[in-house]
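Each remark here refers to the structure printed beneath this line.
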Amino acid sequence: MESRLCLKELCPVCGDHVSGYHYGLLTCESCKGFFKRTVQNNKQYVCAEQQECTIDRGQRKRCPSCRFLKCLHVGMRLEAVRADRKRGGRNKFGPMYKRDRALKQQRDALIQDGGFRLDSGSSTHHRTLTFTTGFHPLPMIPSTSLPTAQPPHLCSLLPSTQYQSTSFSNWKSQHSNNGSPGPRDCKSTHILYSSRSTDTRV
DNA sequence: GTTCAAGGCCAT
DNA sequence: ATGGCCTTGAAC
Ligand SMILES: [Zn+2]
Ligand SMILES: [Zn+2]
């Protein structure tokens, strides 16, 4: 029942339970970590099939390539991964997370408020919609999750291509190497100046 | 002082 | 490499 005490949403990537907002939307803890590792270490995956692998709780480990692709397709944002690796604080998505939460919360309130529970026959009298919280009648719920966000066209999201967008997307060092699978050593090698990029954490 | 998402740690 | 849990820290 309670939407907050359980977060009954499912991860749009793998279907596992979400643990909160991560890099732009609600995802599970594992996909959060996977996305972070992938972007931070500039991992390059190659699908052994045709980029059509099923990503679910039990198979998400099987094809990192399709998993990362799906991460991007569902809207996880590269720019939410900090190139400078600074911890804590709030990024520019903070307000959006808050609004998205409010939307979901209100939607839930409507549903539980008899929104879709049409009286099972009998009384033909219209029930007065009492908004417990005193909210105004919402025009309509767009149903989509993050409407106000500006989803970059999927084209520019693909890591396989050269050009990236911004922030971490300067893609650090795509030129770092070829052949050797190890971008690694991000810990010892402090890459990049403290670039501010699009991450507006002032 | 509280939030809570972003990064770090480390046992699988 | 994965993912559960921990620490951090600007916004509120
Ligand atoms: Zn997931
Ligand atoms: Zn695949």
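Letters A, B, ... are given to chains in the order of the sequence lines, protein chains preceding strands, and every chain is numbered from 1. Computed from a predicted structure; not experimentally measured.
- Across the protein-nucleic acid pair, A/Arg77 atom CZ and B/dA6 atom P stand 12 Å apart, rounded to whole Å.
- The nearest whole Å value for the distance from the OH atom in A/Tyr97 to the P atom in C/dA10 is 17 Å.
- Between the C1' atom of B/dA5 and the CG atom of A/Asp100 lies a distance of 14 Å, rounded to the nearest Å.
- Judged purely by distance below 3.5 Å, without hydrogens or angles, the side chains of A/Thr54 and A/Arg60 never pair a donor atom with an acceptor atom.
- When the C1' atom of C/dT8 is taken as reference, atom CG of A/Asp84 falls 13 Å away, rounded to whole Å.
- Side-chain contact check for A/Thr38 and A/Tyr45: at least one donor-acceptor pair (N or O, by modelled atom type) lies under 3.5 Å.
- For A/Lys36 against B/dG8, a side-chain N or O and a base N or O form a donor-acceptor pair under 3.5 Å.
- The main-chain N or O of A/Met96 is never found under 3.5 Å from a side-chain atom of A/Asp100 such that the two would form a donor-acceptor pair.
- Residue side chain A/Arg90 reaches the base of B/dC4 through a donor-acceptor N/O pair under 3.5 Å, judged by distance alone.
- Side-chain N or O atoms of A/Arg90 include none that pairs as donor or acceptor with a backbone N or O of A/Gly94 at under 3.5 Å.
- For A/Tyr21, no side-chain nitrogen or oxygen approaches OP1 or OP2 of B/dT3 to under 4.0 Å.
- Rounded to whole Å, atom C1' of B/dT3 lies 9 Å from atom CZ of A/Arg101.
- Between A/Met76 atom CE and B/dA5 atom C1' there is a gap of 12 Å when expressed in whole angstrom units.
- The phosphate of B/dG8 (OP1 or OP2) has a side-chain N or O of A/Gln40 nearer than 4.0 angstrom.
- Taking for each of A/Pro95 and A/Arg37 the nucleotide of DNA chain C with the nearest heavy atom, the 5'-most of the two is the partner of A/Arg37.
- Straight-line distance from the CZ atom of A/Arg60 to the P atom of C/dG4: 6 Å, rounded to whole Å.
- With hydrogens and angles ignored, no donor-acceptor pair closer than 3.5 Å exists between the side chain of A/Lys61 and the base of C/dG3.
- Aromatic ring centroids of A/Phe35 and A/Phe68 lie under 6.0 Å apart.
- Nucleic acid contact for A/Arg57: none, since no nucleic acid atom lies under 4.0 Å from a heavy atom of the residue.
- Rounded to an integer number of Å, the gap from A/Arg87 CZ to B/dA6 P is 14 Å.
- Comparing C/dA1, B/dA6, B/dG7 by their closest approach to the side chain of A/Lys43 singles out C/dA1.
- Considering only side-chain N and O atoms, A/Arg82 lies nowhere under 4.0 angstrom from the phosphate OP1 or OP2 of C/dA10.
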